[in-house]
Amino acid sequence: MSERARVFVTRPIPEVGLSAVREVAEVDVWPDDLPPPREVLLERVRGVDGLLSLLSDRIDSEVLDAAGSGLKVIANYAVGYDNIDVAECRARGIAVGNTPGVLTETTADLAFALLMAVARRLPEGYDFVRDDRWQTWGPLLLLGPDIHGSTLGIVGFGRIGREMARRAQGFGMRTLYSSRTRATPAVETELGATFVELDELLAESDFVSLHTALTADTRGLIDARAIARMKEGAVLINTSRGAVVEQVALAEALRSGHLFGAGLDVTDPEPMRGDDPLLALPNCLVVPHVGSGSVRTRDRMAEKTAANLIAGLRGEPLPDPVA
Ligand code: DGY
């Protein structure tokens, strides 16, 4: 880097990351919480050396063309990178980095929180009290399935899926998992998890928790057929990407009672609008993609993103490359 490099950052991220990048580059930060409008993104990336993007920014060849041939690195402030055309970046020699490892436990915590909240009907209970409907102790009031002693099916057994298995151990659950690649016997033993095919997992699990990346293979993986295979009264949890689940089929299964409930941190599209049919269902709990949302984790993501960006600007290998 002879002259100071130029970087566009598509949203304010924790200061610990921004200040690291400012030490080595001129940094232009889009100041709003909402993504820059497309034409603004195309304008602001013009001539930059580095781009710090979020999962809600679509980074495709149009953006790469607008940036021009000087663009060396894209650092995504997320572990998922389905928002980026990685193949196109690779073809153009642009490095791409993500933030694995630092948000694993925090995201598994949220997945387990959703599982518990849906099973024990916490949002309904809270509404019940707040609406002044609580008259007496009720033997049949707001009952749900037990968590302990039940079977958890984990779809996708990467870092976050494995942390979900660890949490399930503490609750005395039986854990099944399905994954492209099978974990080692040592990992299976440590986490008490049994490898099965997806169909068997769906048929056997009381709770199904999704932890796959969004790829061509996993888009729509949990469709009407998969949902029909799930146990009567099962619960679906999704903290991966919304498009892994076909939401129309999910709404139907929640409405009919085939599924007891669902807890979603991710939806398709995002944001989900307030009039979405899923939000009219009391057995569907939706939160706004906050799986990694602890103060410390978001700081660590910022540090990792900055490290990727700085390495890329220097022409060095990224600490966490995806391309
Ligand atoms: C990610 O990192 O991909 C999560 O969805 C947000 O932290």
Side-chain angles (χ1 to χ4, degrees), residues 9-18 30 33-35 51-60 73-86 89 95-115 154-164 167 179-180 209-219 221-222 236-245 247 262-272 285-309 318-323:
V9 178
T10 62
R11 231 84 86 241
I13 64 163
E15 189 51 37
V16 63
L18 285 180
W30 175 249
D33 288 338
L34 293 178
L51 174 61
L52 195 157
S53 54
L54 268 57
L55 55 87
S56 39
D57 302 312
R58 185 165 45 85
I59 308 299
D60 54 12
V73 56
I74 300 172
N76 211 37
Y77 182 70
V79 66
Y81 47 87
D82 47 277
N83 58 307
I84 299 177
D85 186 341
V86 172
C89 292
V96 181
N98 69 339
T99 66
V102 291
L103 50 82
T104 307
E105 288 88 350
T106 304
T107 306
D109 286 348
L110 194 271
F112 214 86
L114 287 173
L115 182 156
I154 297 175
V155 180
F157 209 53
R159 293 182 187 85
I160 301 171
R162 290 175 192 206
E163 278 306 312
M164 191 66 178
R167 280 149 186 72
S179 188
R180 254 180 327 157
S209 189
L210 307 178
H211 299 281
T212 62
L214 178 63
T215 64
D217 290 339
T218 63
R219 184 176 291 277
L221 182 71
I222 306 301
L236 180 70
I237 303 298
N238 190 10
T239 54
S240 61
R241 286 293 183 265
V244 176
V245 175
Q247 287 174 187
L264 310 177
D265 181 41
V266 288
T267 62
D268 182 29
E270 289 184 10
M272 176 179 268
L285 170 57
V286 185
V287 294
H289 204 149
V290 290
S292 62
S294 75
V295 176
R296 180 158 167 270
T297 291
R298 290 286 165 82
D299 276 354
R300 294 175 75 197
M301 289 168 66
E303 285 167 354
K304 273 207 170 242
T305 310
N308 279 330
L309 196 55
L318 307 197
D320 291 295
V322 298

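What you are looking at is a predicted structure, and each value in this text was computed from that prediction instead of being measured. Remember, it's 1-based here, ligands and their atoms both numbered in the order they're listed.
When only modelled atom types and interatomic distance are considered, R241 and T218 share no side-chain donor-acceptor pair under 3.5 Å.
Formation of a donor-acceptor pair under 3.5 Å by the Y77 side chain with backbone atoms of T99 is not found in this model. Between the R11 side chain and the W30 main chain, no donor and acceptor come within less than 3.5 Å of each other.
By the salt bridge (charged side-chain N to carboxylate O under 4.0 Å, His left out) test, D109 pairs with R167, sequence neighbours left out.
For the side-chain contact (heavy atoms from CB on, under 4.5 Å) test with I59, the passing option among L51, L54, V86, D85 is L51; the others fail.
Within the model, atoms CG of D320 and CG of N76 stand 12.0 Å from one another, a figure rounded to the nearest 0.5 Å.
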Pairwise, report which nitrogen or oxygen atoms of ligand 1 are under 3.5 angstrom from protein nitrogen or oxygen atoms, and how far apart they are.
unit_1   : atom_1 : unit_2 : atom_2 : d
ligand 1 : 2 (O)  : V79    : N      : 2.7
ligand 1 : 3 (O)  : V79    : N      : 3.4
ligand 1 : 3 (O)  : G80    : N      : 2.8
ligand 1 : 3 (O)  : R241   : NH2    : 2.8
ligand 1 : 5 (O)  : R241   : NH1    : 2.7
ligand 1 : 5 (O)  : H289   : NE2    : 2.6
ligand 1 : 7 (O)  : S292   : OG     : 2.6

